Undergrad: 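The structure follows.
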Amino acid sequence: PLFILFSSSFHPLFITITQIGKFISDQQLNNIMQHCFLVVILSLLLLLNAVSAEIEVCEERSRTPGRPERQYFSYSSWLPSLETMHEWKGLTLVDDECSSTQHWHQTVVNFQKFIYNNSIIHDLTLDMIESWNKLITNPATPELNCNITSSGTLCNITSITDFLDAINCIIRIAPPFHGSNLIGVPLAAFMTGFDATLSGQTLFRIPEWNKHFQNILCQYNHFLSSNLSDYVFRRDGSWVKNADQWNVTIWELDSGSNESYPWYYNWNSFFTRHFKNPSKSRPISSPNDVNVIVSSNDGALFRWRKNINRTQGFWFKDMPYSLTDIFKSHESTQQAKLDGLPDRFANGSIFQTFLDPFNYHRWWSPVDGKVVLFDPMKIDEAPMYFSKIVLPDYQGSTTYSLPYLLQTNSRGILVIDTTGYANIGYVCIIPIGMVEVSTIVFTVGINDEVHKGDEIGYFQFGGSSFALIFEDLAKYNKHIEFTNGTRRFLPNAPLPQPTPKPNQQEVIVSVGAQIAQIHHYTQN
């Protein structure tokens, strides 16, 4: 109904502007369109806020004594409970050196100027902060409340300066453990709640806002690649104290021994670490059988789908896949190389997984073949880092919205031709950045021959997902069955839920392990 209302109300306005455009310059037309768009957004926000308030009242009226409170399920181990995140914020984001505007990084200073130089962005930012503060102090949502008072907690950010102080602080720390609880993506932990408000989701769909976040994250990645981030791997570092959680014994250490410190010379060195013995830790399934497809990455299954559409509205609740959006770039040179892929993969299959912070973050080839069409590329046009479809998502992880992120966030594209091996046409490999991950590195190029288990690239810091796309194999008189060799994977499970189903468990996949089998259609 809201869509119909605003379509009917504003469509004539845009038609009129288009006609006016015949008599004014392109720049003037762009300025008018931008202002009209922002007016529409603000009008919609006002209406949605009113609707949201009424829904909240209705929900409160519908509560009955003894009714269990809403539960929010944290998925993929990147973040702990909301209570723990509140406590971490209160004890961490109070450092005078960290929170002084005199020591803001230039990217944060630029972000501040952007916010204050645009009245609409400024008002949306204030509303985002105020909306979250109302939730964490609302008796009707006790599961979200921030009650920590020690050290003058900053989990209740009250101003834009507080907001920027905290960001400036976070980009100077490595992902820590808070006690035994991992804060795997500190910026996502901080943004938890802000990004779930109406104003927050509006901001994280504005390219200029995301461009500033991209610059901030590039600085963060620079810090994580420097020895300033090695302190968590020193003798008293939180990752050393919690080494049993990530099985330090199977990994190569920069120091060469767990008796020497720091174990890793910077955070990204740890994040891209190697196995001591890859063939033992991650053996390749059926290395000589070209009809066995193996996982490109460690992680857990999100879901797989067959008969994926060339074009689809991927922003709907069930987030169907849209090939034209997956293979879309605003850079014309990239788009020219991608144009034929939606048709080639139409009606094919997709297998999507996500990684946790303890996983191996390097990727291996899932098939034998040759890299074709172009050097592996990265689509990186100001991705919508904290934009989500599934809300509320108060645990901070964007795992619920993975298919949406595949079509909106930073992602890599690599195509392998299986001719002469499995003969199933092209296989597309897509690493996907999530929240504050933005660095995707390929280690192969066009015309390189690859075999199952060969390294093809890696992620640098952050949450991440991975997708493999296959053609419609009926073209080759074949079909694909997603199975680990002993049982089939369920197509819709395990779909993350804000409240997990009874006995719901992650389906773990390991790099190099079988995820699919290719079969020939039998002749009748």
Side-chain angles (χ1 to χ4, degrees), residues 1-7 9-10 34-60 70 72 82 85 111 114-116 118-141 143-146 155-160 162-164 166-167 187-210 212-213 313-317 319 382-398 400-401 404-405 408-409 435 498:
L2 290 174
F3 177 79
I4 295 171
L5 170 64
F6 277 86
S7 295
S9 300
F10 291 96
Q34 287 178 9
H35 281 88
C36 287
F37 172 75
L38 290 172
V39 168
V40 172
I41 290 295
L42 283 177
S43 301
L44 181 58
L45 275 173
L46 289 173
L47 180 58
L48 287 177
N49 271 318
V51 172
S52 177
E54 184 61 29
I55 289 172
E56 204 170 303
V57 170
C58 292
E59 283 185 343
E60 184 61 31
R70 287 171 288 175
Y72 301 102
L82 191 60
M85 284 193 284
F111 193 27
F114 166 71
I115 292 172
Y116 279 93
N118 186 313
S119 61
I120 294 175
I121 297 296
H122 177 270
D123 291 348
L124 284 171
T125 306
L126 276 180
D127 186 71
M128 172 183 71
I129 294 169
E130 291 171 1
S131 297
W132 179 231
N133 283 336
K134 288 178 183 178
L135 275 173
I136 61 178
T137 57
N138 187 349
T141 54
E143 69 275 20
L144 304 181
N145 287 178
C146 177
C155 59
N156 189 358
I157 302 294
T158 59
S159 68
I160 292 175
D162 288 344
F163 181 75
L164 295 173
I167 291 174
L187 200 54
F190 169 67
M191 290 305 301
T192 294
F194 295 122
D195 58 1
T197 64
L198 291 171
S199 293
Q201 280 302 294
T202 300
L203 287 168
F204 278 105
R205 288 180 172 88
I206 296 175
E208 292 86 355
W209 173 275
N210 287 318
H212 281 280
F213 257 92
F314 64 87
W315 52 89
F316 295 142
K317 184 178 179 181
M319 295 173 287
M384 299 189 286
Y385 294 102
F386 298 95
S387 177
K388 307 171 184 179
I389 286 290
V390 180
L391 294 170
D393 185 6
Y394 296 131
Q395 292 301 127
S397 172
T398 54
Y400 312 142
S401 302
Y404 169 73
L405 298 179
T408 60
N409 263 19
V435 290

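Throughout, numbering of the chain's residues begins at 1 and tracks the sequence. Scope of the values below: all heavy atoms of this structure, side chains included, with no hydrogens, waters or symmetry mates. None of the values given here were measured: they were computed from a predicted structure.
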Undergrad: Ignoring hydrogens and geometry, is there a side-chain-to-backbone donor-acceptor pair from Asp127 to Asp123 under 3.5 Å?
TA: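 No, because the side chain of Asp127 does not come within donor-acceptor range (under 3.5 Å) of the backbone of Asp123.
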Undergrad: Working to the nearest 0.5 angstrom, can you tell me the gap between Asn118 CG and Glu208 CD?
TA: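 If I round to the nearest 0.5 Å, the distance is 8.5 Å.
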Undergrad: Between Asn210 (side chain) and Phe204 (backbone), is there a donor-acceptor pair under 3.5 Å?
TA: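 Pair found, side chain donor or acceptor close to backbone of Phe204.
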Undergrad: Do the side chains of Tyr116 and Phe111 get nearer than 4.5 Å, heavy atoms only?
TA: no
Undergrad: Rounded to the nearest 0.5 Å, what separates atom CG in Leu203 from atom OG1 in Thr125?
TA: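 So the CG of Leu203 and the OG1 of Thr125 are separated by 5.0 Å.
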Undergrad: What distance do Met128 atom CE and Ile160 atom CD1 have between them, rounded to the nearest 0.5 Å?
TA: 8.0 Å
Undergrad: Kindly compute the distance separating CG (Leu124) from OG1 (Thr202), expressed to the nearest 0.5 Å.
TA: 6.0 Å
Undergrad: When you measure from the side chain of Thr197 to the backbone of Phe194, do you find a donor-acceptor pair of N or O atoms at a distance under 3.5 Å?
TA: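 Yes: the side chain of Thr197 pairs with the backbone of Phe194.
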Undergrad: If you define the side chain from C-beta out and look only at heavy atoms, does anything of Met191 sit under 4.5 Å from Trp132?
TA: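 No, too far: nothing below the 4.5 Å cut-off.
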Undergrad: To the closest 0.5 Å, what do you measure between CD1 (Ile129) and CD1 (Ile157)?
TA: 7.5 Å
